[in-house]
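Structure first, then comments.
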Amino acid sequence: MNHLMNDLCNLCPRRCNAARPFSLAGNSAISGVCHAPQTAVVSGAGLHFWEEPVISGSNGSGTVFFAGCNLHCVFCQNYDISKGCQGREMDTSSLRELYFSLIGQGAHNINLVTPGHFVPAVASSLTDPLPVPVVCNTNGYDLPETLRLLENKVSIYLPDLKYIDNALALRYSHAKDYFEVAVAAIDEMYRQTGDFVIDGHGIMQKGVIIRHLILPGELENTLRIIEFVAKRFRPGQVMFSLMHQYLPCGLVSEENYPELNRKISAFEYEVAESALLASGIEDGFLQESDSAEQEFIPQFMQSFVSNS
C-alpha cells in the first residue's frame, strides 16, 4: 500500500485521517468521509451508451460504478450508491475479471466511475495493461498526488468541473475549496494524458473531457466556468462537455434545497449553449433536453454484469 494509505487515509482532499479497514466484513460503521474499506466495492457494471459519443461509441463504454464518494453532492444522480458503501467487494483478480467480461462484450474502454477512494486497489488492478483505454470518471475533487498513482494506467480522464463559485460548492457539496482543488486535479490529468486523441472510428484513445452540469438558477456559475476553460486550454488540448441532464435527485425536494427542485429551463440552456459556442472552445459536446430523464440513470445492482 502506498504512503497515502498506510494507517490513516489521506487519499482525497478531505484528508480525514480515517482508519479504513481492509474489508467491509464485520465493519458495519466505517469512519471517514467515504465510509469505505480499502478493498474496492463495486455497485454495478455494464455497457453504458449514454456517455459522450467518443466514449460510448456504438458498442458502449464498459462502465464500473464504485460505491461511496468523497463529495456527497446534495443533488447526486447516483445518490443510492454514493452515500454509503453498498455493493460487491472485489480484489485485484475479481476486478480484472470484470474488466475482461466487459471487454468481451465489445466495450470500447473500461470506464471507472468515482474510483478516487479506491485508487490503490484500482492501480493494482491495472498493473498489467488492458487491451482498451481506461477511463477515470471523477467528480473532480481529487488530489494530484493520488492521481499520480494512476499515471500510465489511465488513458482518459472525465472530470467534473462543477463549481467556480465556492459558496455554491460549500452549500451543495460541502467543499469550500472545490474550484482550486478541481483545477489542480485537471491540470495533473492533462499533464498525464496530453492533448486528446480520437481514432479513425471516432473513439477517444487518450485525453481529458471536462464536464460541467448546469444547475437550475446558477447560470453565472456556468458562464464563468465556460470562460475559465476557454482561457485555460487551447483548441486541441482538452474537450468540454456541457451537460443538460440535471434532475432533482438525492436530497433535493420542495422542503430541502427547493431552489434546485426543477429541471433547468430552455432559456438557461440556450444562454449557456450560446456562451459555449461564442467562447472559442472548439472541441466538445452539447446535450439534448431529453437527456434529463430518469431512464438515463443506471439501476446499479440490477445492471451488474456476470464476472464468473
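Quick note: numbers below take in every heavy atom, side chains included, and nothing from hydrogens, waters or symmetry partners.
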- Task: Please check if the side chain of Q192 supplies one atom and the backbone of M189 the other of a donor-acceptor pair under 3.5 Å.
- Result: no

- side chain to side chain donor-acceptor pair (under 3.5 Å) between Q205 and D199, worked out: CA-CA 7 Å; Q205 299 300 301; D199 70 11; 3.1 Å; yes

- Query: Parallel, tilted or perpendicular: which fits the ring planes of F240 and H212, with parallel below 30° and perpendicular above 60°?
  - Reply: parallel

- Examine distances only and state if a side-chain atom of N111 and a backbone atom of G62 form a donor-acceptor pair shorter than 3.5 Å. no

- Item | C136: which of P159, S155, P115 passes side-chain contact (heavy atoms from CB on, under 4.5 Å) | P115

- Does N109 reach the main-chain N or O of S56 with its side chain, forming a donor-acceptor pair under 3.5 Å? no

- Spell out, as yes or no, whether a donor-acceptor pair under 3.5 Å connects the side chain of D177 to the backbone of E180. no

- Can N139 and N70 be counted as having a side-chain donor-acceptor contact under 3.5 angstrom? yes

- How close do R96 and D128 get, heavy atom to heavy atom, and via which atoms? NH1-O, 2.9 Å

- Please name all residues satisfying side chain to side chain donor-acceptor pair (under 3.5 Å) with E220, sequence neighbours left out, ordered by chain then number. none

- Message: Salt bridge check, E259 against R171: does any charged N sit closer than 4.0 Å to a carboxylate O?
- Response: yes

- Note on the structure: CG of L102 to NE2 of H48, rounded to nearest 0.5 Å, is 12.5 Å

- Message: Let me confirm one number: the CD1-CD distance from I226 to E273, rounded to the nearest 0.5 Å.
- Response: 10.0 Å

- Ion pair K263/E268, N-O distance below 4.0 Å: no

- Message: Counting neighbours of CZ on R262 that are heavy atoms of other residues, nucleotides or ligands and sit closer than 6.0 Å, is the number greater than 12?
- Response: yes

- Verdict with supporting geometry, F179 and Y163, ring-ring contact (aromatic ring centres under 6.0 Å, His included): CA-CA 6 Å; F179 178 67; Y163 315 102; over 10 Å; no

- Are S23 and E89 close enough that a side-chain donor and a side-chain acceptor fall under 3.5 Å? yes

- For the side chain of Q77 and the backbone of Q245, is there at least one donor-acceptor N/O pair under 3.5 Å apart? yes

- Message: If we ignore hydrogens and angles and just use 3.5 Å, is the side chain of H244 paired with the main-chain N or O of I214 as donor and acceptor?
- Response: no

- Out of curiosity, I186 CD1 to L161 CG, how far, rounded to the nearest 0.5 Å? 4.5 Å

- Apply salt bridge (Lys or Arg N to Asp or Glu O under 4.0 Å) to D187 and list each qualifying residue two or more places apart in sequence or on a separate chain. R232

- Applying ring pair (Phe, Tyr, Trp, His ring centres under 6.0 Å) to F118 and not counting sequence neighbours gives F66

- Query: Do the non-hydrogen side-chain atoms of S61 and W50 ever get within less than 4.5 Å of each other?
  - Reply: no

- Message: When you measure from the side chain of R20 to the backbone of P37, do you find a donor-acceptor pair of N or O atoms at a distance under 3.5 Å?
- Response: yes

- Are any of the side-chain nitrogens in R15 or E145 under 4.0 Å away from the carboxylate oxygens of its partner? yes

- Item | Spacing of CD belonging to E97 relative to OG1 belonging to T92, to within rounding of 0.5 Å | 11.0 Å

- Where P53 and I203 come nearest, the two heavy atoms and their spacing: O-CD1, 4.3 Å

- Query: With hydrophobic residues grouped by side-chain heavy-atom distances under 4.5 Å, do V271 and I225 end up in a single group?
  - Reply: no

- Message: Suppose clustering is done on Ile, Leu, Val, Met, Phe, Trp and Tyr with side-chain heavy atoms closer than 4.5 Å. Which residues sit in the same group as I198?
- Response: V54, I55, V135, I156, L158, F196, M204, I209, M239, F285

- Interatomic distance, E188 atom CD to T146 atom OG1 [nearest 0.5 angstrom]: 10.0 Å

- Message: Under a plain distance cut-off of 3.5 Å, with no hydrogens placed, do Y190 and D195 share a side-chain donor-acceptor pair?
- Response: yes

- Item | Backbone N/O of S43 and side chain of Q86: donor-acceptor pair under 3.5 Å | no

- Counting only heavy atoms not in H174, do more than 12 fall under 6.0 Å of its NE2? yes

- Message: Does any part of the side chain of F75, heavy atoms only, come nearer than 4.5 Å to the side chain of C249, both counted from C-beta?
- Response: no

- Message: Distance check, rounded to the nearest 0.5 Å: L223 atom CG versus S279 atom OG?
- Response: 10.5 Å

- Message: Salt bridge or not between R148 and E151? Use side-chain N to carboxylate O under 4.0 Å.
- Response: no

- Message: For V42 and L98: C-alpha separation, side-chain torsions, deciding distance, then whether side-chain contact (heavy atoms from CB on, under 4.5 Å) applies.
- Response: CA-CA 10 Å; V42 176; L98 181 56; 4.2 Å; yes

- Item | Residue pairs involving residues 46-65 (criterion salt bridge (charged side-chain N to carboxylate O under 4.0 Å, His left out); sequence neighbours excluded) | E51-R211, E52-R211

- Query: Mind checking what makes ring pair (Phe, Tyr, Trp, His ring centres under 6.0 Å) contact with Y157, not counting sequence neighbours?
  - Reply: none

